[in-house]
Amino acid sequence: MNILRAFKEQIGIYSSPDQTNRKQPSLVPPKEIFEVPTRQEEVSSAVQAEVPHCCFYCTWCESPILLPHDSLGFTFGGPMIRKIEARAIGTVCPSCGRVGTYSFFRGCQGYNTRHRFVPSPLNGRTVLLDWLPCDENTCVFKLPFFLTYDQDLTEANLKEWAPKWLWDDLACSVGHPVQPPHWLFEFRPHRAALDLTRAGVQRLR
């Protein structure tokens, strides 16, 4: 019995009044162990999250054109997640200012084996600017035209930039010529842009 009592006192189950009054070391780890250093928080906040982008290559200058896939309404995704139905999209190359048609679907206007999905940080805000009809009256495939607003190109100065772009080779998904939109020559600002990241699944055409 004395041996058992001595063993219990040794492991701290029982303690004498003198030992109780003394400040015993805590078995709980200090709070500092669980705290993340301030420097590490600053570094992690500086890292930007990367999201899937559609990487197209300009037909004329071969510069990469990066557009967030969710901002395109998952046009080139599976049928269940697409917010719009389109076989190709139109956009402008930020390097040379040429407007073109691009696609991930083989056999469509603007398809190129170099086009691919890449992870990249967000830069600006990409919106669906307009649905552009082609010159063929019987064609039902309007071309969704996307544009990325940033510090240089904004909604306010769009009417100043857009007429300077080269619109000659823009075509719908089956290759019919697409003319520049009429709002380029209107005095009022263009307000028809749609942010597809905030829109639900719909079937626009």
Side-chain angles (χ1 to χ4, degrees), residues 48 50-77 82-135 139 141-186 189-197 204:
Q48 296 182 359
E50 294 184 338
V51 298
H53 280 61
C54 296
C55 179
F56 305 108
Y57 286 91
C58 178
T59 309
W60 295 270
C61 69
E62 297 187 351
S63 297
I65 304 173
L66 294 175
L67 299 174
H69 195 209
D70 61 340
S71 297
L72 302 183
F74 301 105
T75 304
F76 305 109
R82 295 176 195 162
K83 294 184 178 181
I84 62 173
E85 287 293 341
R87 304 297 293 175
I89 63 104
T91 190
V92 61
C93 175
S95 298
C96 66
R98 285 184 174 269
V99 177
T101 304
Y102 301 94
S103 178
F104 278 176
F105 295 120
R106 187 180 296 273
C108 291
Q109 181 75 16
Y111 172 77
N112 193 312
T113 55
R114 298 178 63 192
H115 300 335
R116 65 186 188 279
F117 290 102
V118 297
S120 179
L122 288 174
N123 183 21
R125 184 170 66 97
T126 303
V127 296
L128 174 59
L129 195 64
D130 203 351
W131 286 87
L132 304 178
C134 65
D135 291 345
C139 182
F141 300 104
K142 291 185 178 181
L143 184 71
F145 188 81
F146 290 90
L147 193 64
T148 299
Y149 291 132
D150 54 21
Q151 295 180 352
D152 297 325
L153 176 61
T154 64
E155 189 175 354
N157 64 18
L158 170 64
K159 299 292 287 291
E160 301 176 10
W161 283 69
K164 302 176 184 178
W165 298 334
L166 300 177
W167 296 80
D168 300 339
D169 298 313
L170 189 63
C172 72
S173 59
V174 294
H176 300 139
V178 174
Q179 301 299 323
H182 297 294
W183 50 260
L184 284 181
F185 313 102
E186 297 175 351
H190 181 65
R191 300 291 184 183
L194 176 63
D195 189 347
L196 290 181
T197 60
L204 301 176

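Residues: numbered from 1 along the sequence shown. Excluded from the calculations below are hydrogen atoms, water molecules and symmetry mates; all remaining heavy atoms, backbone and side chain alike, are included.
Leu143 CG to Tyr102 OH: the interatomic distance, rounded to the nearest 0.5 Å, is 11.5 Å. Atom SG of Cys108 and atom CD1 of Ile89 lie 12.5 Å apart (nearest 0.5 Å). We find the CG-CG distance between Asp70 and Leu122 to be 7.0 Å, quoted to the nearest 0.5 Å. Between the NZ atom in Lys159 and the CZ atom in Phe185 there is a gap of 10.0 Å [rounded to 0.5 Å]. Here the straight-line distance linking atom OG of Ser71 with atom NE2 of His53 works out to 7.5 Å at 0.5 Å rounding. How far CG of Leu72 is from NZ of Lys83: 11.0 Å, rounded to the nearest 0.5 Å.
Put simply, the side chain of Leu147 reaches to within 4.5 Å of the side chain of Leu153, judged on heavy atoms. Between Cys58 and Ile65, some side-chain heavy-atom pair lies under the 4.5 Å cut-off. Between Phe146 and Leu196, the closest side-chain pair of non-hydrogen atoms falls below 4.5 Å. Contact of the Thr91 side chain with the Thr126 side chain is not registered, since no non-hydrogen atoms from C-beta on lie closer than 4.5 Å. Side-chain contact check for Arg98 versus Leu166: some heavy-atom pair is nearer than 4.5 Å. Between Val92 and Trp161, every side-chain heavy-atom pair lies at or beyond the 4.5 Å cut-off. Two residues are said to be in side-chain contact when any heavy atoms from C-beta on lie closer than 4.5 Å; Pro144 and Thr75 fail this criterion. Looking at Asn123 and Thr148, their side chains never come closer than 4.5 Å, going by heavy atoms from C-beta outward.
Annotation for Glu62: atom CD does not count as buried by contact number, only 12 or fewer foreign heavy atoms lying within 6.0 Å.
Val178 and Leu132 make their closest contact through CG1-CB, 3.7 Å (heavy atoms, listed as atom of the first residue, atom of the second, distance). Of all non-hydrogen atoms in Pro163 and Leu158, the two that sit nearest each other are CD-O, 4.3 Å. Minimum heavy-atom separation, Ala171 to Thr101: O-OG1, 2.5 Å.
No donor-acceptor pair closer than 3.5 Å links the side chain of Asp169 to the backbone N or O of Gly100. Counting only distance, with no hydrogens or angles, the side chain of Ser103 and the backbone of Arg87 share a donor-acceptor pair below 3.5 Å. Panel note: side chain Trp167, backbone Ala162; a donor-acceptor pair is recorded below 3.5 Å. A donor-acceptor contact shorter than 3.5 Å is absent between the side chain of Arg82 and the backbone of Phe74.
Residue pairs meeting the side-chain hydrogen bond (donor to acceptor under 3.5 Å, both in side chains) criterion with at least one member in residues 108-121, sequence neighbours excluded, are Tyr57-Arg116, Arg106-Tyr111.
The aromatic rings of Phe145 and Trp165 lie tilted to each other, with the angle between the two planes from 30° to 60°.
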Let me see the working for Phe76 and Phe117 under ring pair (Phe, Tyr, Trp, His ring centres under 6.0 Å), right down to the final yes or no.
CA-CA 10 Å; Phe76 305 109; Phe117 290 102; 7.4 Å; no
